[in-house]
> 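I'd like to ask you about the structure that follows.
Here is the naming used below: chain letters follow the sequence lines, and residue numbers restart at 1 for every chain. No hydrogens, no waters, no symmetry mates; every other heavy atom, side chains included, goes into these values.
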4 protein chains.
Amino acid sequence: MAQSEQRRNLERNRNGGKRAPGRPRSEESRQAILRSTLKLLKETGFPQLSIEAIAADADVGKATVYRWWPTKAALVADAFSASADQELRFPNTGSVHKDMSLQMRQLIRVFRSQRGKVVAALLGGGQSDPELIAAFRERFLWPRRQQAYHTLQRGIDRGELPAGIDMDLTLDSLYGPIYMRFLIRHDELNESFADALCGLVLHGVEVSRSLQSAR
Amino acid sequence: MAQSEQRRNLERNRNGGKRAPGRPRSEESRQAILRSTLKLLKETGFPQLSIEAIAADADVGKATVYRWWPTKAALVADAFSASADQELRFPNTGSVHKDMSLQMRQLIRVFRSQRGKVVAALLGGGQSDPELIAAFRERFLWPRRQQAYHTLQRGIDRGELPAGIDMDLTLDSLYGPIYMRFLIRHDELNESFADALCGLVLHGVEVSRSLQSAR
Amino acid sequence: MAQSEQRRNLERNRNGGKRAPGRPRSEESRQAILRSTLKLLKETGFPQLSIEAIAADADVGKATVYRWWPTKAALVADAFSASADQELRFPNTGSVHKDMSLQMRQLIRVFRSQRGKVVAALLGGGQSDPELIAAFRERFLWPRRQQAYHTLQRGIDRGELPAGIDMDLTLDSLYGPIYMRFLIRHDELNESFADALCGLVLHGVEVSRSLQSAR
Amino acid sequence: MAQSEQRRNLERNRNGGKRAPGRPRSEESRQAILRSTLKLLKETGFPQLSIEAIAADADVGKATVYRWWPTKAALVADAFSASADQELRFPNTGSVHKDMSLQMRQLIRVFRSQRGKVVAALLGGGQSDPELIAAFRERFLWPRRQQAYHTLQRGIDRGELPAGIDMDLTLDSLYGPIYMRFLIRHDELNESFADALCGLVLHGVEVSRSLQSAR
DNA sequence: CAATAATCGAGACGGTACGTCACGTCTTCTT
DNA sequence: AAGAAGACGTGACGTACCGTCTCGATTATTG
């Protein structure tokens, strides 16, 4: 459930299931707005995206947009998370190496697809708008990181990884290079990069466990 | 030498030292513009930065800005690189671990300083402006990466690192997590992160040399 | 009714009294703009008049001006005609000579007043903008000329003037010298000029009726 | 000799025929500027005419224009009078009627030609620039009016016109309607208008001599 | 079934910044 | 010293969106 659509729904809940009086919010408009937002975001960057254009594209009054989303950032964050919910689940193959590299390959595939433009817009816009980057963290990064913790834990339980490792360091080492290549575009970001990265980092984790545990 | 100031200077060179006719460009204005750009960039983000405000702050006509920089991006890129030239050199302590972690600590220090806002603006803005991100690569990333290659090579020569490693993979593994934490801000980015990262990755490199050489 | 305000009103009429959708035009702004236009026109000439200044003086967004008037000329024409409607009616004294010279005196009085600056601006600007001069003709010249025709006709009916005279020639002979002195300022334009002119021309008309009817 | 080009020539005269030191003024540039001014004035109106464009068209530095003409008005006035010197002389046929109507026909012909655009620009621009209208009076109107006085005087001497007439009233009555039709364009301005006008006004003068002499 | 209430679309509003153009002045080298 | 070249600070241009507002119309709940 998107963050900024709560006003009247909250009232509804408080009133014990009763609807607020007046014309109810148009679900049709809401979806058209989110759809147009994603569409235009893929065509232009975040700064070029205008609420004027979104409203026009969605055949909706400008005020309807402003009624439900306080800023362009909130709208984009909503649109993004509405479209990001179902993807990028972690597999469970019985091997940490395999689980991680498979998921990382998925991520790279997403980054290279049309959807990547939206992520780039979010991360780019987020550099000047804390709300945007927070939305990315909370709706995209954290849910996946929770799953990643479990995946790593399974590896520890199976003895593939030493106990006591710094999971955040490990995961940032695995994903950081992907994000870096995605955002800076200084080198190719293809799926085999996931394998090489996975090999390098997970072997490093195994070896330097003593250092980690000493921290 | 900044990119967008070449027009008339090039002519000068071609003409064998002769100056172009007409009033020469005001070096004073040029520097005032770059100074104001950096100053305002630190106060607001890249999208909020307006050429109008830069010109006003620099006591300069708007047209003078547009005469020399085609876009806000080009201006910011110039301002950034004019201020980034001298820093972040690599040390040479006789140990790869030490050399790298020292430099990475410097980078983190920069990212956490006022200058970090400019980098974030550049990378953020760059997500919707290829010119900006290219400027970052060419004027910031590449020069340092050249030095990093040499640092790694010294490690190989000294036997600290195996020969035949994938330097780009290694360096992205070292720096990627820093950039990720800097841009996504999902976890603390302090200088000790550099040491942990360095330990993890360089040990990983040593162990997985066979994998790398097999590629 | 001013020319450039018709768009939405016309729709209203076509729709049988129904209003166009959307926020209706602000009558307050419209009048403030016209008022400021006249005010500034009296202070400076037509070329010096800037839409920027009008908008500022009227406490109005620049876009509001451009929304309703395509050019500065159209705006000035509207402002002029909004202020010119009620004046300079022709008297009916029972004597052509008296009627004409009284009205011509009024005209000279207007030309010598503050309002004269606006007329001069209109006629001056009109030399490079057909729209402006057309506005002057249609909203100022023609309405008065209609009345002048009737005044002359009354003179003919009463036998003061010969039938079959060229009314346009007559009226241009009466008013042309006034306009000429007003615009070229080569000689004094005072009210007694009206009497002298009237005497000369109307006597001329009486005498040269034969020439006119022979045309 | 144009008004604003006097600075150095005056010095020359004071110095007793000696030339000022330094590079002499380029006659070529001066003429190119005047030529381009007229050319562009015929293409666009006075307000649209830009010194920038004149300098470019004349292949001349902008400063050269500003060095010799203080304002656009002065330049246009100069250009106009440089081109108006030789025309519109009064004939001497032995008949006032004929002399006047021939000259008025000439004037109408000029007004309808390309040169008319320049006159319109001058009179139009002059409504907001006293310098311009003064230039028109002094370099165009007065010289011709002097000749017109003589023409009328010849008529009086020959007994065609009564003595003691108001020459300025007479001439304004003859020319005012032409200027009015030229500037307001409310009715056709063809050469036969000169004859009708001449007939009407000169007959009027003959009849109302008593009124005039009574003034 | 009316009254009330909040939504919807449309689009005008006062603003801010855009990128361009011409202004009149200046600084340089060349003639 | 005047020439051309052309950069300079200035300020208006007309445009695009901003976020807010005022309309009539629509769609629900409440009395």
Side-chain angles (χ1 to χ4, degrees), chain A residues 7-8 18-26 28-29 48-56 58-68 70-72, chain B residues 8 18-26 28-30 48-53 55-56 58-68 70-72, chain C residues 8 18-26 28-30 48-53 55-56 58-68 70-72, chain D residues 8 19-26 28-29 48-56 58-68 70-72:
Chain A
R7 283 174 256 180
R8 303 204 45 213
K18 281 189 180 176
R19 300 259 280 79
R23 178 175 178 172
R25 174 169 187 189
S26 160
E28 210 171 335
S29 291
Q48 283 71 49
L49 182 70
S50 78
I51 298 218
E52 200 104 17
I54 292 171
D59 257 320
V60 138
K62 238 191 330 174
T64 302
V65 180
Y66 283 108
R67 192 170 2 248
W68 299 108
T71 63
K72 185 171 68 168
Chain B
R8 303 198 50 208
K18 280 190 180 175
R19 276 185 64 314
R23 179 174 175 172
R25 174 168 187 192
S26 161
E28 210 170 334
S29 292
R30 185 185 145 269
Q48 282 71 47
L49 182 70
S50 79
I51 298 218
E52 199 106 17
D59 257 321
V60 138
K62 225 178 359 161
T64 300
V65 180
Y66 283 108
R67 199 174 349 257
W68 298 108
T71 62
K72 186 170 66 168
Chain C
R8 302 197 53 206
K18 280 190 181 176
R19 272 181 69 305
R23 178 173 177 172
R25 175 170 187 188
S26 160
E28 209 170 335
S29 292
R30 185 185 144 271
Q48 282 71 48
L49 182 69
S50 79
I51 298 218
E52 198 106 16
D59 256 321
V60 137
K62 225 181 352 164
T64 299
V65 181
Y66 284 109
R67 197 172 356 254
W68 299 108
T71 62
K72 186 169 67 169
Chain D
R8 302 204 45 214
R19 299 258 282 77
R23 177 173 175 175
R25 174 168 188 190
S26 159
E28 208 170 336
S29 292
Q48 283 71 48
L49 182 70
S50 77
I51 298 217
E52 200 104 18
I54 293 171
D59 258 320
V60 139
K62 240 190 331 172
T64 301
V65 180
Y66 284 108
R67 192 171 358 253
W68 299 107
T71 63
K72 184 170 69 169

> Looking at every strand, decide which applies to Ala55(D) at a 4.0 Å heavy-atom threshold: base, sugar-phosphate, or nothing.
nothing

> Within the structure shown, what part of the strands sits under 4.0 Å from Ala53(D) by heavy-atom distance: base, sugar-phosphate, or nothing?
nothing

> Would you indicate, yes or no, if dA7(F) has its OP1 or OP2 atom less than 4.0 angstrom from a side-chain nitrogen or oxygen of Thr64(B)?
no

> Any side-chain N or O of Ser29(A) less than 4.0 Å from the OP1 or OP2 oxygen of dG9(E)?
yes

> Tell me the interatomic distance from Ile51(C), atom CD1, to dG14(E), atom C1', rounded to whole angstroms.
16 Å

> Does Arg23(B) make a side-chain N or O approach to OP1 or OP2 of dA5(F) shorter than 4.0 Å?
no

> Ser26(C) has a side chain; which of dG19(F), dC13(E), dT27(F) sits nearest to it?
dC13(E)

> Could you pull out the closest heavy-atom pair between Ile51(B) and Lys62(B), with the gap in Å?
CG2-CG, 4.2 Å

> Establish, with yes or no, whether the OP1 or OP2 oxygen of dC8(E) is under 4.0 angstrom from a side-chain nitrogen or oxygen of Trp68(A).
yes

> Could you tell me the separation between the OH atom of Tyr66(A) and the C1' atom of dT7(E), rounded to a whole number of Å?
19 Å

> Excluding sequence neighbours, so at least two apart, what forms salt bridge (Lys or Arg N to Asp or Glu O under 4.0 Å) with Glu28(A)?
none

> Does Arg67(D) have a side-chain nitrogen or oxygen under 4.0 Å from the phosphate oxygens OP1 or OP2 of dA2(F)?
no

> Nearest-Å distance, NZ (Lys72(B)) to P (dC18(E))?
7 Å

> Rounded to whole angstroms, how far apart are CD on Glu28(D) and P on dA4(F)?
9 Å

> Atom CD of Glu52(B) to atom C1' of dG19(E): distance rounded to whole Å?
10 Å

> Looking only at side-chain atoms of Val60(A), point me to the closest of dG9(E), dC13(F), dC18(F).
dG9(E)

> Take atom CG of Asp59(A) and atom P of dT7(E), then tell me their distance rounded to the nearest Å.
20 Å

> Taking CD from Gln48(C) and P from dG11(F), how many angstroms apart are they, rounded to a whole number?
15 Å

> For Trp68(B), is the NZ or CZ atom of Arg30(B) found under 6.0 angstrom from the centre of its six-membered ring and inside 45 degrees of the ring axis?
no

> So does Lys62(C) reach the base of dG14(F) with its side chain, donor to acceptor, closer than 3.5 Å?
yes

> Could you work out, with side-chain contact (heavy atoms from CB on, under 4.5 Å) as the rule, every residue matching Ala63(A), not counting sequence neighbours?
none

